[in-house]
Amino acid sequence: MIIQLPLRLIAGMFLLFVGCSPKIKDTTKPNILFIMSDDHAYQAISAYHDSLLQTPNIDRLAKEGIRFTNASVTNSICAPSRATILTGKHTHLHGKVDNRFPFDTTQTTFPQLFKKAGYKTAMFGKLHFGNSPKGVDEFKILPGQGHYINPDFITTEQDTVRIEGYATDIITDLTLDWLEREAQDDTPFMLMYLHKAPHRPWWPRADKFAEFTQKTFPEPATLFDDYKGRGSAAKTAEMNLLKHMMYSHDSKIRPELITAMGDQVQPSVNEFENGFYGPYHRATLEQRALYKPTLDRINAEFETQWPKMTDQQKMRWKYQRYMQDYLATISSIDDNLGRVLNYLDQSGLSENTIVIYTSDQGFYLGEHGWFDKRFIYDESFKTPLIIRWPRKIQGEQIVTEMVQNLDYAPTLLNLAQIEIPKDMQGKSLKPLLFSEEEETQKWNRDAVYYHYYEYPAVHMVKRHYGLVSEDYKLAHFYYDVDEWELYDRKEDPQEINNVISDPAYTEVVIELKEKLAEMRLEYKDSPELDQYYIDLYRQNGYLTN
Ligand code: SGN
Ligand code: CA
């Protein structure tokens, strides 16, 4: 029997029903907390290497989850890596080849798919796309590279607001505030918590600055690399600590002291006009007073000691100053991660929240005498990756398979049971996350593909593409050179002997060049696209020839 109810009554009952249960009760859907820092080298996480810094909270994640020892990026630079993470595609397809051109927002990014699937979504911190994110209900993002001290944020309403304090603390406050407001019902969430730290220029919080400038750090074995046995790219790159690290911008020597010391300080390549006072003058007078004693101490030391130093001692001094500030900014990341993990515990969210910790790429911490990234060589090619999900993933696991930032989007969609778009090029890491043997066998990948474009540009790392397998690394540097490099990863983990012309490797070279050509085809990269992106530089006036 059909009972005819008046329309208004039906509407009223519907509203009553909706009003009583505003939540999507779906406990099978995990929450996602995607945490990414900017330029965080795995060498600076004690779960990976414990000689530089203790990071107890990141280590806790590794202990309670999975630590990937061969996670890498497809292009070791900020915005291209972020675009790969969001689209699940290689650089040449999503088109964000470097930090210069804005991201094409007509493309599908994974937060949009989470939102469509009923997730609450938000993003706080650094995006670096030249435009705002799509698919997030709420965001506060740093304009461009952002600032450490009293940073500005672009908000969902497209306003810019300045928040007083230290960026890492503030981005965490925003994240916790959102969790408190939005994560209390049963609607699953996908939250992106994205630090500026430890990106250059390395401004620690004043207390960490005072603390870390008292420390001395061990030097890497290749600090005094002379780049013999490499191609021209390593020799011409501008990221050497002695030659290219700036006195004021990086080491925090006041410009007036450098001027006063005259010939005692060799002119530094690329010294920034406002490198020191730009960031420093963002601080209030009270904040500056907290930095002053440490700045005074460093400057006094520089004034008396620098003129007496040999080049080797200068290199060492610059390395120590670099590590002190870089690692101090990471110490703040780790403290703040502790706040977030405690909140997840206290609010009962830990169990069904997938927490990912990664960086947009790795970084040189003095290896090869360098800072910065960009190269396919391990320290910048690899990136930290830790995944924790207490409900489903066993703790204390280490995965050695080669995975990439290309895989993050398909993985997260897969774990949240959202369909993975067919044109995403990454693979879900699901078979590697659960201990069942059967599943693990479904994972088969014997090499990963890499392509770097931003040249000519800051740090002058030449364009190159290549493949990395468990045993070898093959790279082709092109545009203004045509050079190949091959490294035997097992025999030469420091990557200081290019064996491309060694007769013992003739067969390997033939085989790997074929494999690389196949990979380029499979991923839809090509010489035509290489040329297209060179032409794009030419059209925009970035090339002189
Ligand atoms: C800035 C840095 C460079 C760095 C690029 C790219 N200089 O230009 O050292 O390589 O960003 O970094 S500084 O003015 O910030 O000191 S990325 O992480 O955005 O790719
Ligand atoms: Ca970066």
Side-chain angles (χ1 to χ4, degrees), residues 35-42 44 71-86 91 96-103 125-130 141-149 151 167-168 171 192 194-204 237-241 243-253 268-280 282 318 321-322 325-326 329-330 333 357-366 370-375 379-385 405 451-462 542:
I35 311 171
M36 185 158 72
S37 42
D38 189 356
D39 294 357
H40 192 170
Y42 58 86
S72 63
V73 293
T74 60
N75 181 357
S76 182
I77 184 158
C78 194
S81 166
R82 288 155 197 267
T84 290
I85 289 169
L86 290 183
T91 312
K96 183 92 185 89
V97 292
D98 62 17
N99 285 338
R100 286 168 156 156
F101 301 105
F103 176 68
K126 182 170 172 182
L127 177 63
H128 199 199
F129 266 7
I141 54 166
L142 300 164
Q145 296 284 10
H147 289 281
Y148 281 103
I149 303 174
T168 310
I171 294 165
M192 304 190 83
L194 311 171
H195 286 297
K196 151 133 186 112
H199 190 269
R200 194 181 181 209
W202 307 283
W203 276 87
E238 296 183 357
M239 43 200 242
N240 182 276
L241 290 170
K243 289 196 206 146
H244 308 107
M245 185 154 271
M246 301 175 208
Y247 297 102
S248 62
H249 182 68
D250 296 315
S251 304
K252 301 184 181 57
I253 303 306
S268 176
V269 185
N270 307 331
E271 194 73 34
F272 280 9
E273 179 69 24
N274 210 17
F276 174 79
Y277 282 117
Y280 184 63
R282 290 187 67 83
K318 280 193 159 181
R321 280 294 305 114
Y322 167 36
D325 293 357
Y326 176 89
T329 70
I330 293 174
I333 293 180
Y357 188 89
T358 191
S359 169
D360 60 345
Q361 20 49 221
F363 216 66
Y364 296 97
L365 305 186
W370 286 336
F371 62 103
D372 214 65
K373 55 258 178 172
R374 299 160 193 269
F375 276 110
E379 291 81 2
S380 56
F381 162 73
K382 291 198 346 183
T383 195
L385 176 64
N405 57 349
H451 199 155
Y452 172 80
Y453 297 83
E454 196 180 270
Y455 178 87
V458 58
H459 301 300
M460 296 301 277
V461 172
K462 291 184 190 295
Y542 298 140

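These numbers come from the heavy atoms of this one structure, side chains and all, not from hydrogens, waters or symmetry mates. We count ligands from 1, going down the list as the structure has it; atoms in each ligand are counted the same way.
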Using only N, O or S atoms, tell me which atom of Asp39 is closest to the Ca ion (ligand 2). OD1
Tyr322 side chain vs Trp202 backbone, donor-acceptor pair below 3.5 Å: no
May I ask you to say whether Arg200 pairs ionically with Asp39, meaning some side-chain N is under 4.0 Å from a carboxylate O? no
Electrostatic pair Asp38:Lys373 at N-O distance under 4.0 angstrom: no
Identify, by atom number and element, the atoms of ligand 1 in contact range of Asp38, meaning under 4.0 Å from any of its heavy atoms. 18 (O)
Which atoms from ligand 1 have a heavy atom of His128 less than 4.0 Å away? 19 (O)
Ser76 side chain vs Phe375 backbone, donor-acceptor pair below 3.5 Å: no
Cation-pi geometry met for Lys252 and Trp203 (6.0 Å, 45°): yes
The test is ring pair (Phe, Tyr, Trp, His ring centres under 6.0 Å); show your working for Phe363 and Tyr326 and say whether it passes. CA-CA 11 Å; Phe363 216 66; Tyr326 176 89; 5.7 Å; yes
For Ile77, take its heavy atoms, then give the atoms of ligand 1 lying under 4.0 Å from any of them. 20 (O)
Pick, from Lys373, Arg82, Met239, the option with the minimum heavy-atom distance to atom 18 (O) of ligand 1. Lys373
Could you find the nearest protein heavy atom to atom 11 (O) of ligand 1 and give me its residue, atom name and distance? Gln145 NE2, 3.0 Å
Distance from atom 14 (O) of ligand 1 to nearest protein heavy atom, with residue and atom: Phe272 CE2, 3.1 Å
Tell me whether Cys78 has any N or O atom under 3.5 angstrom from an N or O of ligand 1. yes
Element-labelled atoms of ligand 1 that are located less than 4.0 Å from some non-hydrogen atom of Asp39: 18 (O)
Main chain of Glu238, side chain of His459: is a donor-acceptor contact present, judged purely on distance under 3.5 Å? yes
For Asp360, what is the atom name of its N, O or S atom nearest to the Ca ion (ligand 2)? OD2
Between Lys462 and Tyr452, is NZ or CZ placed under 6.0 angstrom from the six-membered ring centre and within 45° of the ring axis? no
Just jot down the ligand 1 atoms closer than 4.0 angstrom to any heavy atom of Asp372, in number order. 4 (C), 9 (O), 10 (O)
Within 4.0 Å of some non-hydrogen atom of Arg374, the atoms of ligand 1 are 4 (C), 5 (C), 6 (C), 10 (O)
Is there a heavy atom of His249 sitting under 4.0 angstrom from any atom of ligand 1? yes
Look at atom 3 (C) of ligand 1 and say which protein heavy atom is nearest, naming residue and atom and giving the distance to 0.1 Å. His459 NE2, 3.4 Å
Quick check for you: with the Ca ion (ligand 2) as the vertex, what angle do OD1 of Asp38 and OE1 of Gln361 span, to 10°? 150°
State plainly whether the residues Asp250 and Arg321 are in salt-bridge range, i.e. N to O under 4.0 Å. no
Does any N, O or S atom in Ser81 come within less than 3.0 Å of the Ca ion (ligand 2)? no
Out of Arg82, Lys126, Lys196, which residue meets the salt bridge (charged side-chain N to carboxylate O under 4.0 Å, His left out) rule with Asp360? Arg82
protein heavy-atom neighbour closest to atom 15 (O) of ligand 1 works out as Arg200 O, 3.1 Å
Ionic contact status for Glu454 with Arg100, cut-off 4.0 Å: no
